[in-house]
Amino acid sequence: MTATHPVTRFAPSPSGHLHVGGARTALFSWAFAKGRGGKFIIRIEDTDQKRSSDAASVGFLKDLEWLGIRWDEGPEYTAPDGSRVGGGPNGSYFQSERLEIYNRYCQKLIDEGKAYEAWDSAEELEAMRKEATAQKVAFRYRFRGPVSAEDRARFIAEGRQAVVRFRSGEVAVTIKDEVLGDATLPAGEVDDFVIRKKDGFPTYHFAVVVDDELMGVTHVLRAQEHFTNTAKHMLLQDALGFRRPVYGHLSIIKNPDDSKMSKRDKDKVLRKAVKEKGLATPPAGTVTAEEWARWIGDDNVQLDLEGAIRLAEALKVQLPEINVDDFRRSGYLPEVLCNFLALNGWSPGHDIEKFDNEFLKERFGLDRVMKTPAKFDRVKLLAFNTDAITGMKPEDFARRCREHARQFRADFLARLDDARFALLMTACQERSKTLDDPFKSNGFLLVADGALAFSDDKNVRKALGIGAAPEAGPTGLAHLRAMRGVLAGISEWTQAALEAAATDYSNAHAGGKIGALAQPLRIAVSGSTVSPPIWDTLVLVGRESALARIDRCVAWASELR
RNA sequence: GGCCCCAUCGUCUAGCCUGGUCUAGGACACCUCCCUUUCACGGAGGUAACGAGGGUUCGAAUCCCUCUGGGGUCACCA
C-alpha cells in the first residue's frame with residue numbers, strides 16, 4: 001500500500017458492546033481510510049486470557065454495522081440485511097490465533113540480543129516497585145544481568161516461568177503524532193517492558209507492532225491513553241526493522257461532570273441511588289440476592305444490562321447511555337450518532353455541523369482533530385436527533401419506528417393493529433425526539449381500561465376544576481360528564497367527527513374554548529395532561545375504551561377534594 | 001510524585017499555523033416575547049468566552065516565557 005492508499009485499523013479488546021469513545025475512534029479511522037481510497041481493518045486484541053472470550057466477545061460488531069461502519073478486513077460478520085463483511089488475506093484477525101507469529105518475532109529479538117528472558121516473580125517485582133516508591137523515583141525495569149544456565153535450570157525445575165523483556169536501551173525517543181504534535185521522552189523513560197507474558201501470549205505492545213506491520217497499517221488512530229506507549233512501539237519497530245505508521249491520538253470523551261465517560265457509569269448511578277435510599281436488599285423482581293451481594297460487595301463488579309435496567313426502573317433513575325447499543329435502545333438514529341460523535345473532536349470548519357458519513361469521509365483529516373477532551377453533551381445530541389426526525393418523511397419515520405418497536409417495543413406491535421400503529425406514527429412524529437418517544441410516552445395505550453391510573457397532580461386538578469369556585473362556571477369535570485354523553489351518541493368515531501361534535505359542544509357550553517373540554521378528555525383517556533393531539537388519541541384508544549375510561553375518570557375525580 | 005500533552009461562551013466548536021477585516025462567528029442549552037386544545041414543534045429577540053501575569057510588536061485570541069488549571073502515562077490490561 002502506498003501513501004495514497006492508507007490502511008487504518010480499529011483494534012479493540014473483545015467486548016459485547018461498543019463504547020461511544022471506541023465508536024468515534026472507529027468512525028475516524030474508517031473515514032480516514034475510506035476517504036482516501038484505502039482499507040479499514042478490524043482486529044481483535046484478545047491477548048489477555050483472563051478476560052473471557054466467549055461468543056459475545058465480538059458483539060460490538062453489530063454496533064459498528066448499525067452505525068454504517070463497514071470493514072474491509074477483519075472478523076467475518078453477516079449483517080441483518082444479509083450482506084457479509086470481514087475476512088481478508090491477513091488473518092487471523094484475532095490475536096489469540098496468531099501466537100506462532102508473535103513467537104517467531106520474539107525469538108528473533110532474543111537471538112539478536114534485543115530481548116531477554118526475565119525470571120522475576122511477582123513478589124520480587126513488587127519489592128522493586130516499593131523500593132522505587134520509597135526513594136520517590138519512578139520504577140523502571142532494567143536488565144539485571146545474565147542468568148546462568150544453572151539458575152535457569154533451577155527456575156524451570158521450580159516451575160517458574162519467564163517473561164520476555166525488550167531491551168529498550170536508555171535513549172530519548174521522539175514520538176511523532178499528527179494530532180498532538182511531537183513529544184520527546186527523555187532517555188531512560190522507557191524501561192525494559194515485557195513483550196511476552198508468562199503464559200506465552202504477547203503483550204499488547206508487541207502484538208500491536210507486529211500486526212500493524214503485517215497487516216500493512218499505515219495510519220493508527222487510537223485513544224490518547226496510548227500516547228506515551230507509542231515510544232515503546234517505535235523502539236520495537238526499529239528493533240524489528242518495521243515501517244512506522246503515522247500516529248494520531250484522540251482525546252478522551254468526558255461526562256458533563258468532567259469524569260471520564262466509562263462503562264461503569266451505569267453502575268455508578270445505581271449505586272448512588274441505592275445508597276441514597278438506604279436499600280439493603282434488591283427490590284423484588286430486579287436482580288437475584290446473589291447478584292446483588294456480589295455487586296454491592298465490589299465496586300468493580302458490573303450488573304448485566306437487563307438487571308441494571310430492571311433495577312433502574314425500580315429505583316426510578318435514568319441510566320446514562322454509554323454504549324452505542326444504549327443510544328440505539330433509546331431511539332437515536334445511527335446517522336445522527338455518527339454526526340454528533342464526529343463533532344466531538346473534529347469539525348469541518350465553515351460553521352458546518354450537520355453532515356453524514358459520506359461527507360465525513362470526504363472531509364476528514366487529522367489536521368482538524370481537536371487536542372482537547374470533549375464533554376459529551378446529550379442535550380445537543382437529542383436536539384440533533386429531534387431535527388433529523390422532524391425532517392424525516394412520514395413513511396420513513398413510520399418504517400424506522402416499526403423497526404425500533406420490533407426490537408425494543410414488541411408489546412406495541414402486538415397490541416396495535418396496522419391502522420392504529422400508523423396513526424400513532426403520524427400523531428407522534430412532530431413531537432418525537434427519538435424513535436422511542438412514540439412508545440415511551442404513550443404507555444396508556446397498552447394498559448387495560450380498568451387499570452389506567454389517573455395522575456393526581458396540579459395540572460390534572462386544574463383542568464378538572466377540582467376545588468374551583470362554583471361561580472367560575474362549569475368545571476372541567478362537568479364538561480367531561482357532558483362530553484361523555486356527546487361522545488356516546490356520535491355516529492362516526494373519527495377525528496373529524498369528534499372534533500366537530502366537540503366544537504359544537506364548546507361553542508354552546510364552554511365559550512368556544514375547546515381546551516376546557518379537551519384537557520379533561522385527555523386526562524380521562526390517557527391518565528395525564530400530556531398525550532398526542534386529543535382527537536388522534538381518542539381514535540387510538542377507541543370508542544369503547546374511551547367511554548369506559550371517561551366513566552372511571554368521572555368516578556375517580558368526583559372523590560377528589 | 002516523575003515524564004508527556006493541552007487551554008476560546010455553561011457545552012461542542014470557528015478563528016490561531018500565514019498577527020490587523022475579531023467591539024471573537026455558529027450550534028446546543030438558557031432568558032424574554034409570539035404561536036398554541038396538552039406536550040412538543042415553530043417564529044422573533046437576548047445574555048454569554050479568548051484562564052492569569054509578563055514580554056515581542058505600531059497592533060495579539062493569534063508569536064514567546066512564567067504561573068495556574070485540566071488530561072494522559074508510569075502492569076506479565078489493552
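Labels below follow one simple rule: chain letters A, B, ... track the order of the sequence lines, proteins then strands, and each chain is numbered from 1. Side chains included, hydrogens not; waters and symmetry mates left out as well; all remaining heavy atoms used.
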With sequence neighbours left out, what residues match A/V20 under side-chain contact (heavy atoms from CB on, under 4.5 Å)?
A/M261, A/F327, A/L341

Pairing nucleotide - B/C16, Watson-Crick or G-U, each distance under 3.5 Å
none

Base, sugar-phosphate, or nothing: which does A/P12 touch, judged by heavy atoms less than 4.0 Å apart?
nothing

Give me the first and last nucleotide of RNA chain B, going 5' to 3', that has any atom under 4.0 Å from a heavy atom of chain A.
B/G2 to B/A78

Could you verify whether a donor N or O on one side chain and an acceptor N or O on the other, from A/D436 and A/H404, lie under 3.5 Å apart?
yes

Is the shortest side-chain heavy-atom distance between A/K380 and A/F340 below 4.5 Å?
yes

Looking at every strand, decide which applies to A/D120 at a 4.0 Å heavy-atom threshold: base, sugar-phosphate, or nothing.
base

Does B/A40 have a Watson-Crick or wobble mate here (both distances under 3.5 Å), and if so which one?
none

Going by atom types alone, do A/D437 and A/T434 pair a side-chain donor with an acceptor below 3.5 Å?
yes

When you check the side-chain N and O atoms of A/Y247 and A/H219, is any donor under 3.5 Å from an acceptor?
no

With the threshold set at under 4.0 Å for non-hydrogen atoms, list the residues of residues 375-388 of chain A touching RNA chain B in residue-number order.
A/K375, A/D377, A/V379, A/K380, A/A383, A/F384

Thinking salt bridges, do A/E45 and A/R43 make one under a 4.0 Å N-O criterion?
yes

What does A/Q224 touch in the nucleic acid at a heavy-atom separation under 4.0 angstrom: a base, only the sugar-phosphate, or nothing?
sugar-phosphate

Applying ring-ring contact (aromatic ring centres under 6.0 Å, His included) to A/W535 and not counting sequence neighbours gives none

Using a heavy-atom cut-off of under 4.0 Å over every strand shown, decide if A/L180 touches base, sugar-phosphate, or nothing.
sugar-phosphate

Any luck finding a side-chain donor-acceptor pair between A/Y204 and A/D48 under 3.5 Å?
no

If we count only N and O atoms by modelled type, under 3.5 Å, do the side chains of A/S330 and A/E321 hold a donor and an acceptor together?
yes

Looking only at the side chains, is there a donor atom on one of A/Y141 and A/D120 sitting less than 3.5 Å from an acceptor on the other?
yes

For A/E353, answer base if it contacts any base atom (sugar-phosphate contacts may also be present), sugar-phosphate if it contacts only those atoms, and nothing otherwise; contact means non-hydrogen atoms under 4.0 Å.
base

With A/E430, which residues qualify under side-chain contact (heavy atoms from CB on, under 4.5 Å), at least two apart?
none

side-chain hydrogen bond (donor to acceptor under 3.5 Å, both in side chains): which pairs involve residues 509-534 of chain A, sequence neighbours left out?
A/Q519-A/R522, A/R522-A/S531, A/S531-A/T537

For residues 426-447 of chain A, which residues have at least one heavy atom under 4.0 Å from RNA chain B?
A/E430, A/R431, A/K433

With no hydrogens and no angle check, do the side chains of A/E131 and A/Q135 hold a donor and an acceptor under 3.5 Å apart?
yes

Under 4.0 Å, counting only non-hydrogen atoms across every strand here, what does A/L125 touch: a base, just sugar-phosphate, or nothing?
base

Indicate, with a heavy-atom threshold strictly under 4.0 Å, whether A/H249 touches base, sugar-phosphate, or nothing.
nothing

Report the residues that fulfil side chain to side chain donor-acceptor pair (under 3.5 Å) with A/E126, sequence neighbours left out, ordered by chain and then residue number.
none

Test ring-ring contact (aromatic ring centres under 6.0 Å, His included) applied to A/F412 - qualifying residues, sequence neighbours left out:
A/F439

By the 4.0 Å heavy-atom rule, please label A/R140 as base, sugar-phosphate, or nothing.
base

Considering only heavy atoms, which members of residues 521-530 of chain A lie under 4.0 Å from some atom of RNA chain B?
A/R522, A/T529, A/V530

For A/N229, which contact category applies under a 4.0 Å heavy-atom criterion: base, sugar-phosphate, or nothing?
base

Using a heavy-atom cut-off of 4.0 Å across all strands, would you classify A/K371 as base, sugar-phosphate, or nothing?
sugar-phosphate

Donor-acceptor contacts under 3.5 Å from residues 364-375 of chain A side chains, at least two apart:
from	atom 1	to	atom 2	distance (Å)
A/R368	NE	A/S347	O	2.8
A/K375	NZ	A/D258	OD1	3.3

A/D63 side chain to A/N323 side chain, donor-acceptor N/O pair below 3.5 angstrom
no

Once you apply a heavy-atom cut-off of 4.0 Å, does A/T372 come out as touching a base, just sugar-phosphate, or nothing?
sugar-phosphate

Which of residues 336-348 of chain A have a heavy atom under 4.0 Å from RNA chain B?
A/L343, A/N344, A/G345, A/S347

